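Since the structure is predicted, the reported quantities are computational estimates derived from the model, not experimental observations. Computed over heavy atoms, backbone and side chain alike; hydrogens, waters and symmetry mates excluded. Below, chain A is the first sequence line, B the second, and so on; all start at residue 1.
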Protein chains: 2
Amino acid sequence: MKHEADPDDAEPTSSPQAAGGEAVLRGKATINDVARLAKVSKKTVSRVINESPFVKQKTRDAIKAVIAELGFTPDPQARALARRKSFLVGLVYDNPSPQYVVNIQRGILDALEGTDFQLVLHPCDRSKPDHVARIQSFIQQHKPFGLILPPSVSEDEPLALALNEADVDYVRIASVELDTPSRMIRTLDGDGGAAAGRHLADLGHRNIAHIHGPLSFRSTHERRAGFERALAEAGLGLRPEMAVEGGYTFEGGVAAAEHLLAQPHPPQAIFAGNDEMATGAYVAVRRAGFRIPEDISIVGFDDTPIAGRLWPALTTVRLPIREMGSAAATLLLQTADGMTTKKFITFSPEIIVRGSTAAPEGQ
Amino acid sequence: MKHEADPDDAEPTSSPQAAGGEAVLRGKATINDVARLAKVSKKTVSRVINESPFVKQKTRDAIKAVIAELGFTPDPQARALARRKSFLVGLVYDNPSPQYVVNIQRGILDALEGTDFQLVLHPCDRSKPDHVARIQSFIQQHKPFGLILPPSVSEDEPLALALNEADVDYVRIASVELDTPSRMIRTLDGDGGAAAGRHLADLGHRNIAHIHGPLSFRSTHERRAGFERALAEAGLGLRPEMAVEGGYTFEGGVAAAEHLLAQPHPPQAIFAGNDEMATGAYVAVRRAGFRIPEDISIVGFDDTPIAGRLWPALTTVRLPIREMGSAAATLLLQTADGMTTKKFITFSPEIIVRGSTAAPEGQ
DNA sequence: ATTAGGATTGACACCGGTGACATTTTCGAA
DNA sequence: TTCGAAAATGTCACCGGTGTCAATCCTAAT
């Protein structure tokens, strides 16, 4: 290090009004303050902030000491401006279930904690014709570091295509392989459906029905396919009239279950594609005068809090949504670290047996 | 306007690679492009962007035309850097109910739609000793334009004090007047409690119980006070042993209801301080072999979706949470407009009568 | 026609960092 | 001891706006 006169001109004097002594918490230290105190150029400080490997250990330590002393934190806006990339992670969603949304958020926030990134919400309405354009303009304006797309936004291929054009990273959460390649969190919904089918078959049910979601959701097909697979393995089958759509909604579940119960041979057990519809089935079953689980067993999917609050509590299939959100964010940030990036992380569902399923009584 | 040579050097040539003609959607126009095309200084463009009144109408129109032609949108990061204030609105929350959180978010997003502001999430844990410090450092770093504090964060006076020191605007959502002055969304929880009490009294119940929330929540007291007031007006009273805490949770509701049912004179009706606890009461009442509403009527508070999905559906008191979120954000943004700012907006709850309440049978 | 004072507009530095590239160190090999 | 390439650090312009204050343009009044 070269220094001639070397007066102790080291106080952070950038702010004119900073007359007093330590500017530790007043008015926020800047990279210039750090540079002056450490007697290096701001560029070198910048290198330290960004973990560049091209800084001598000794210099790095000295700078880090000054940073700690000053309580310096780099200004996200300034960095964003210079890098043309903000420190925002966007959650783009179009999901009716608050439970799902909140858990995904929580998971992402878990992973973002302690980083420089912030989570911004960007709900969208896939039914609107301009929804892709809106997301594009959001990206253009705010230059988010990356996006996280849970279902059903994750299944939007036109959007994925647009995103590949744009200058954003993104991670998708979905139950199937998707056409457009991207990093993703993969959930094995099929295995969940299979677990439900196996559970019911093991209990001794033979006449089993299914209330599924909208055909436009990939998860609808995954869950049903796994379910049918398990039934087949148990030597059973799903008769066509025993499979009804419930639209993933409560009302749809009520209607679907009423339809099933009106059949000549009503089912002994019902597997609903989500808890919402299972809850609807509860209402229809009760209205029709049947008992749960003595007369009819019911299984849901998702393990939303309502499942534990019903009476009897609902047997259901759970996905670790919060962990999935966290994994998605982690995957996204790996780019930032320059680490080798895993493309996939897979999560398996698990069946939670509670009070809504039992062996058939008439057996 | 003065111009001498006036060559048509008007193409946005800032980006070197912008060889072609219209740079309308490529690489994003900047304020410099607008200034050049409009033949004014960038400062004047800045004035137009910020709706400064000191711009001649003619100039303003010309600049606006160029802005439209170029599809120019100002860069939030650059603006934030220069103004030392970002375009983020922070939602600081510590609320166990996903339903509540999502609706508040939705409301805020409704109000933010079409503005330059983005919503960032900042959950916190009030039980941690450093939670105020964390929020402070969030503010220091990200310089949010403002914060929105729903309950119970809104009731955190130390936080409010710290916020007044810091350079942030904020709006609180709460059920009571708070010590620290600030703009706020006020909910009349007391009126909701009164509505519940009146409804039950009108049905003819005399032996009425209450399951309330934690004493640390202001809403607990508000709801109870209103409830007792209504009972008093009906010539009834709430006997001390008929008021039990349920902690605002499902499990707490189960336990509290069990406690009530174990009394020598079990209640004919129960008003639970929220739906969560009401749901717990359902379970306890059923386990004890009573019917709803024939033997026991139940009223909740909040009108979460679960209320409509129970069987029978839950009579409850509803607050327009989404609208409240929207109002909070609107209130916050008024500062930006420089408009005269209302300090308060008040929302009243409304009772939703469904299947869980009926006149007592034994009457 | 001239002029004062408000209405408009512009010049320029600066916000707090980063990128590209130049310069200086450092250190083993010759 | 000297030299050259790699390692470390510095220079300087620029990211895209805004604040401050000076300059210019108008308009009505003199």
Close side-chain approach of A:Asp167 to A:Ile139, heavy-atom, < 4.5 Å: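 No; the side chains remain at least 4.5 Å from each other.
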For DNA chain C, the residues among residues 79-87 of chain A that have a non-hydrogen atom under 4.0 Å from it: A:Arg79, A:Leu81, A:Ala82, A:Arg83
Rounded to the nearest Å, what distance is computed from the [atom1] atom of residue [X] to the [atom2] atom of nucleotide [N]?
X: A:Lys143; N: D:dG17; atom1: NZ; atom2: C1'; answer: 11 Å
X: B:Gln77; N: D:dG16; atom1: CD; atom2: P; answer: 11 Å
X: B:Asp75; N: C:dG16; atom1: CG; atom2: P; answer: 17 Å
X: A:Ile31; N: C:dC14; atom1: CD1; atom2: P; answer: 18 Å
X: B:Phe72; N: D:dG16; atom1: CZ; atom2: P; answer: 10 Å
X: B:Lys58; N: D:dC25; atom1: NZ; atom2: P; answer: 14 Å
X: A:His142; N: D:dG16; atom1: NE2; atom2: P; answer: 15 Å
X: B:Asn32; N: D:dC14; atom1: CG; atom2: P; answer: 11 Å

Residues forming a salt bridge (charged side-chain N to carboxylate O under 4.0 Å, His left out) with A:Asp94, sequence neighbours excluded: none
Qualifying residue, where the test is side chain to side chain contact (heavy atoms under 4.5 Å, CB included) with B:Val92 and the options are B:Ile148, B:Leu147, B:Leu121: B:Leu147
With B:Ile67, the side chain to side chain contact (heavy atoms under 4.5 Å, CB included) member among B:Val34, B:Asp33, B:Ile31: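 So, applying the side chain to side chain contact (heavy atoms under 4.5 Å, CB included) to B:Ile67 and each of B:Val34, B:Asp33, B:Ile31, only B:Val34 qualifies.
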Verdict with reasoning, B:Asp61 to B:Lys64, per salt bridge (Lys or Arg N to Asp or Glu O under 4.0 Å): CA-CA 5 Å; B:Asp61 292 343; B:Lys64 280 197 170 167; over 6 Å; no
Touch class at under 4.0 angstrom, heavy-atom based, for B:Thr73 against every strand present: sugar-phosphate
Any A:Asn50 side-chain nitrogen or oxygen under 4.0 Å from OP1 or OP2 of C:dT18: yes
Phosphate contact (C:dT18 OP1 or OP2) by A:Ser46 side-chain N/O below 4.0 Å: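 Affirmative; the distance criterion is met.
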Rounded to the nearest 0.5 Å, how far does [atom2] of [Y] lie from [atom1] of [X]?
X: B:Arg47; Y: B:Ile63; atom1: CZ; atom2: CD1; result: 9.5 Å
X: B:Arg183; Y: B:Phe344; atom1: CZ; atom2: CZ; result: 11.5 Å
X: B:Leu149; Y: B:Asp156; atom1: CG; atom2: CG; result: 8.5 Å

Check nucleotides 7-10 of chain C for protein N or O atoms closer than 3.5 Å to its own N or O atoms and list the pairs.
{"from": "C:dT9", "atom 1": "OP1", "to": "B:Thr59", "atom 2": "OG1", "distance (Å)": "2.4"}
{"from": "C:dT9", "atom 1": "OP2", "to": "B:Lys56", "atom 2": "N", "distance (Å)": "3.0"}
{"from": "C:dG10", "atom 1": "OP2", "to": "B:Ser41", "atom 2": "N", "distance (Å)": "2.9"}
{"from": "C:dG10", "atom 1": "OP2", "to": "B:Ser41", "atom 2": "OG", "distance (Å)": "3.3"}
{"from": "C:dG10", "atom 1": "OP2", "to": "B:Thr44", "atom 2": "OG1", "distance (Å)": "2.8"}
{"from": "C:dG10", "atom 1": "N7", "to": "B:Arg47", "atom 2": "NH1", "distance (Å)": "3.4"}
{"from": "C:dG10", "atom 1": "O6", "to": "B:Arg47", "atom 2": "NH2", "distance (Å)": "2.6"}

Pairs where residues 135-147 of chain A contributes a residue and the test salt bridge (charged side-chain N to carboxylate O under 4.0 Å, His left out) is met, not counting sequence neighbours: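 For residues 135-147 of chain A, and leaving out neighbouring residues, the salt bridge (charged side-chain N to carboxylate O under 4.0 Å, His left out) pairs sorted by first residue read A:Lys143-B:Asp75.
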Atom CD of B:Glu157 with >12 non-hydrogen neighbours under 6.0 angstrom: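 Count over threshold, so yes.
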A:Phe138: partners by ring-ring contact (aromatic ring centres under 6.0 Å, His included), with sequence neighbours left out: A:His122, A:His142
Overall bend - the helix from C:dA1-D:dT30 to C:dA30-D:dT1, comparing terminal axes fitted on five pairs, nearest 10 degrees: 50°
